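Here it is, the structure, as structure tokens.
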Amino acid sequence: MILVFKLLYRIYRALSGIRNWGFRRFTRAGLAVLGGLVITGVMGSDTDSNVAYQGFTFLLLLLVVAFG
């Protein structure tokens, strides 16, 4: 039982660390683009039936330009 709590705590710490890093690093618009990138990345795996992969490449380009 203690091992389960240790595992849950480590997962919690990792996710909260990623969340805090994202809030410090990105603006609200950047977080929206990052969220859209994740959503289109999940949806764009089937390139025959949707055009989400085109949105993924556009959002990825926006983030690359913003980092520059």
Side-chain angles (χ1 to χ4, degrees):
M1 185 88 169
I2 300 262
L3 184 62
V4 172
F5 287 135
K6 284 184 179 182
L7 180 64
L8 288 175
Y9 178 71
R10 291 201 184 233
I11 291 171
Y12 167 73
R13 288 280 299 175
L15 290 177
S16 67
I18 291 170
R19 182 176 160 246
N20 288 333
W21 175 82
F23 282 139
R24 281 183 287 142
R25 180 67 65 182
F26 294 103
T27 61
R28 286 187 183 200
L31 286 173
V33 169
L34 194 62
L37 187 70
V38 169
I39 290 171
T40 56
V42 170
M43 290 175 46
S45 61
D46 183 19
T47 58
D48 291 334
S49 64
N50 62 19
V51 293
Y53 65 93
Q54 293 175 348
F56 177 80
T57 55
F58 177 69
L59 292 174
L60 184 64
L61 177 72
L62 281 177
L63 280 179
V64 167
V65 169
F67 278 126

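Below, each value reflects all heavy atoms present in this structure, side chains not excepted, and no hydrogens, waters or symmetry copies. Because the structure is a prediction, the values reported are computed rather than measured.
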ILVMFWY clustering at 4.5 Å (side-chain atoms), partners of I2: none
Atom pairs and distances, side-chain donor-acceptor, residues 57-68, under 3.5 Å, sequence neighbours left out:
from	atom 1	to	atom 2	distance (Å)
T57	OG1	Y53	O	3.4
T57	OG1	Q54	O	2.8

Residues 34-43 side chain polar contacts: donor-acceptor under 3.5 Å, at least two apart:
from	atom 1	to	atom 2	distance (Å)
T40	OG1	G36	O	2.9
T40	OG1	L37	O	3.2

Residues which pass side chain to side chain contact (heavy atoms under 4.5 Å, CB included) with L3, listed by chain and number, not counting sequence neighbours: none
In one Ile/Leu/Val/Met/Phe/Trp/Tyr side-chain cluster, 4.5 Å: L31, F56: yes
Qualifying ring-ring contact (aromatic ring centres under 6.0 Å, His included) pairs, either residue in residues 10-44, two or more places apart: W21-F26
